[in-house]
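In what follows, every chain begins at residue 1, and chains take the letters A, B, ... in the order their sequences are listed. None of the values given here were measured: they were computed from a predicted structure.
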Amino acid sequence: SQQGEEDPQALSIQEGENATMNCSYKTSINNLQWYRQNSGRGLVHLILIRSNEREKHSGRLRVTLDTSKKSSSLLITASRAADTASYFCATDDQAGTALIFGKGTTLSVSS
Amino acid sequence: DTAVSQTPKYLVTQMGNDKSIKCEQNLGHDTMYWYKQDSKKFLKIMFSYNNKELIINETVPNRFSPKSPDKAHLNLHINSLELGDSAVYFCASSQVGNTEAFFGQGTRLTVV
């Protein structure tokens, strides 16, 4: 069953602006991950945040995790046209044997 | 070198046919997966193999069968293809204890 739900489904911004995507999930987790998928390509891992962490940074990416609200957010700062892609959050299934993905947010960055 | 490679990239076939998609990973990972992505980009886990044992099997039709000849390969066989099987199928791998997954480029299957 689906675990994560991203919000918004689609986001259009201008280059240089920040993009924020949210993810909510249903059950307790060990960690939460964010992936990017460029059109016609496979998914690429961006960042993993563990359940005991509240915030994590990687370059222009900032991820927060609120386990009390069962939600996470991905912030991309100073966006570029190359950031145009779909972004998915993913959590472990309850057995810890596979990733369960949300529906994704499609980000369009125009120059 | 491509970490996770799957072939073919595109597959067009008629209803009722049997087809296979191959996947190989050169990362030395213990676990491999097959995911199905539908037209709305929703990714669903189909199978997971760890050390040649099937450890999860979502409610997919038994027309789909994973075959793992060794730890580096997990092929997907599909019998009696149906129109609803049209989708993009992704192979992925990860190391036990680290669920960061590495994905192949996907196979776009079109059943006509």
Side-chain angles (χ1 to χ4, degrees), chain A residues 1-11 21 23 25 27-51 53 56 58 61 63 72 84-108, chain B residues 2-7 9-10 21 23-25 27 29-51 53-60 66 74 87-110:
Chain A
S1 62
Q2 187 179 336
Q3 170 77 307
E5 293 275 352
E6 283 92 340
D7 167 54
Q9 284 190 319
L11 181 60
M21 289 158 267
C23 167
Y25 56 92
T27 62
S28 61
I29 59 171
N30 295 313
N31 59 63
L32 184 142
Q33 304 180 46
W34 285 90
Y35 286 79
R36 183 187 74 228
Q37 183 181 29
N38 289 88
S39 180
R41 308 296 295 272
L43 281 78
V44 175
H45 179 262
L46 294 176
I47 195 165
L48 180 152
I49 186 165
R50 302 199 182 280
S51 59
E53 297 175 309
K56 201 162 183 180
S58 177
L61 306 180
V63 170
S72 173
T84 295
S86 293
Y87 292 82
F88 296 87
C89 68
T91 57
D92 289 12
D93 67 351
Q94 292 190 325
T97 54
L99 290 173
I100 306 298
F101 286 86
K103 290 183 179 178
T105 293
T106 299
L107 173 66
S108 297
Chain B
T2 304
V4 181
S5 60
Q6 51 183 109
T7 56
K9 187 169 182 180
Y10 300 97
I21 306 172
C23 178
E24 176 182 4
Q25 55 97 2
L27 299 167
H29 286 165
D30 297 294
T31 308
M32 296 183 71
Y33 314 86
W34 278 104
Y35 283 84
K36 178 181 180 181
Q37 187 173 44
D38 64 22
S39 58
K40 295 182 180 179
K41 295 190 177 179
F42 176 50
L43 278 152
K44 177 182 176 181
I45 180 71
M46 299 179 72
F47 301 105
S48 171
Y49 252 75
N50 185 337
N51 291 326
E53 288 187 52
L54 182 65
I55 56 175
I56 64 169
N57 183 346
E58 286 291 306
T59 55
V60 297
L74 183 65
V88 182
Y89 293 84
F90 286 99
C91 176
S93 71
S94 69
Q95 189 71 351
V96 171
N98 177 1
T99 55
E100 174 186 346
F102 291 76
F103 281 76
Q105 293 296 295
T107 296
R108 181 173 293 278
L109 171 65
T110 303

Please name the pair of heavy atoms, one in [X] and one in [Y], separated by the smallest distance, quoted to 0.1 Å.
X	Y	value
B/I45	A/L99	CB-O, 4.4 Å
A/Q37	B/F90	NE2-CZ, 3.3 Å
A/L43	B/F103	O-CB, 3.4 Å
B/A101	A/H45	O-CB, 4.2 Å
B/Q37	A/F88	NE2-CZ, 3.7 Å

### Task
Sort A/N31 into side chain, backbone, both or neither according to what part of it lies under 4.5 angstrom from a heavy atom of chain B.
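Interface part for A/N31: side chain.
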
### Query
A/Q9 versus chain B, heavy atoms under 4.5 Å apart: side chain, backbone, both or neither?
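Neither part; nothing is under 4.5 Å.
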
### By side-chain contact (heavy atoms from CB on, under 4.5 Å) - contacts of A/T105 (at least two apart)
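Checked A/T105 against side-chain contact (heavy atoms from CB on, under 4.5 Å); matches are A/E6, A/P8, A/L11, A/M21.
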
### Task
Would you please name every residue forming a side-chain contact (heavy atoms from CB on, under 4.5 Å) with B/D38, sequence neighbours left out?
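Testing B/D38 for side-chain contact (heavy atoms from CB on, under 4.5 Å), a comparison that skips the adjacent residues, returns B/K40, B/F42.
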
#### Entry: Proximal component of B/Y35, with respect to chain A [non-hydrogen, under 4.5 Å]
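Side chain only.
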
### Query
What part of B/Q6 lies closer than 4.5 angstrom to a heavy atom of chain A: side chain, backbone, both or neither?
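Interface part for B/Q6: neither.
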
### Among A/G40, A/A98, A/A90, residue most engaged with chain B (heavy-atom pairs, under 4.5 Å)
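Greatest number of close heavy-atom pairs with chain B: A/A98.
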
### chain A interface, residue from B/Q105, B/K9, B/K44 that has the most non-hydrogen pairs under 4.5 Å
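Ranked by contacts with chain A, first place is B/Q105.
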
